[in-house]
Amino acid sequence: MRIVPKSNGLTAPYWEGARQGRLMVQHCRACGWMWHPPTPICNACQSSDIEWRESSGLGEVYSHTTVHHAAHVAMQGRTPYLVALVQLEEGPRIVANIQDCPMEEVRIGMKVEVTFEEISPGVILPQFRPRARPQ
Ligand code: ZN
């Protein structure tokens, strides 16, 4: 059993982008701010003149923690697991798992790139992994 996120009017472009292998984040046309998770207005200037842009998918581990206690029944048997806060090059920070890397080797500042995990048929979750070639 896996917790599967549901798309709604606000987040649909994020999930549709993920299905296409694209990491989408919101961008404010009024002030240039980019952010995540999605909100109806700009977090910086409250403008509603916002759009979606594709992120490079490149970033670094801003922070991380290891979860030992399953806070939801769906996560029982999956602990311990690592949750990271990834800072994208464009500025937004995204909570994700780090794949293709032992938990013990994840470090703050580690260069990572987006990867896409199909967690349920048709539901693609953006995740991150160490960059193949550090940039
Ligand atoms: Zn703004």
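Computed over heavy atoms, backbone and side chain alike; hydrogens, waters and symmetry mates excluded. These figures come from a predicted structure and were not determined experimentally.
Residues A12 and S7 approach most closely at CA-OG, 3.2 Å, considering heavy atoms. Minimum heavy-atom separation, F128 to G57: CE2-O, 3.7 Å. Contact record, Y14 with M24: CD1-O, 3.2 Å, taken as the closest heavy-atom pair. A pairwise comparison of heavy atoms in Q99 and P130 identifies O-CD, 3.2 Å as the closest pair. Closest of all the heavy-atom pairs between P5 and L125 is CG-CD1, 4.5 Å. Nearest heavy atom pair, residue V112 against residue V86, reads CG2-CG1, 3.8 Å.
Looking at heavy atoms from C-beta onward, H68 lies out of side-chain contact with T79 at the 4.5 angstrom threshold. Using a 4.5 Å heavy-atom cutoff, the side chains of C101 and M110 are in contact. I94 is listed as a side-chain neighbour of L23, based on a closest heavy-atom distance under 4.5 Å. Contact of the W52 side chain with the H27 side chain is not registered, since no non-hydrogen atoms from C-beta on lie closer than 4.5 Å. For the pair Q127 and D100, the minimum side-chain heavy-atom distance is 4.5 Å or more.
Under the 3.5 Å distance criterion, the side-chain polar atoms of E90 are matched with a main-chain donor or acceptor of S56.
E89 CD to K111 NZ: the interatomic distance, rounded to the nearest 0.5 Å, is 7.0 Å. The distance from the CD atom of E113 to the CD atom of E60 is 14.0 Å, given to the nearest 0.5 Å. Here SG of C42 is found 9.0 Å from CD of Q26. Values are rounded to the nearest 0.5 Å. A distance of 4.5 Å separates CZ in R22 from CD in E54, rounded to the nearest 0.5 Å. Expressed to the nearest 0.5 Å, how far NE2 of H36 lies from OG of S55 amounts to 10.5 Å.
I3 and I124 are members of different hydrophobic clusters when ILVMFWY side chains are connected at heavy-atom separations under 4.5 Å. Linking Ile, Leu, Val, Met, Phe, Trp and Tyr whenever their side-chain heavy atoms come within less than 4.5 Å leaves L85 and L88 in two separate clusters. Both M75 and V67 sit in one connected hydrophobic cluster of ILVMFWY residues. Membership requires side-chain heavy atoms under 4.5 Å apart, directly or through other members. Cluster membership for I50 and W33, using ILVMFWY side-chain heavy atoms within less than 4.5 angstrom, is shared.
Tested against L82 for a side-chain contact (heavy atoms from CB on, under 4.5 Å), the candidates V61, I98, T65, N97 yield a single pass: I98.
The neighbour count for F116 CZ, taken as heavy atoms of other residues, nucleotides or ligands under 6.0 Å away, is above 12. Within a 6.0 Å radius of CH2 in W35, more than 12 heavy atoms belonging to other residues, nucleotides or ligands are found.
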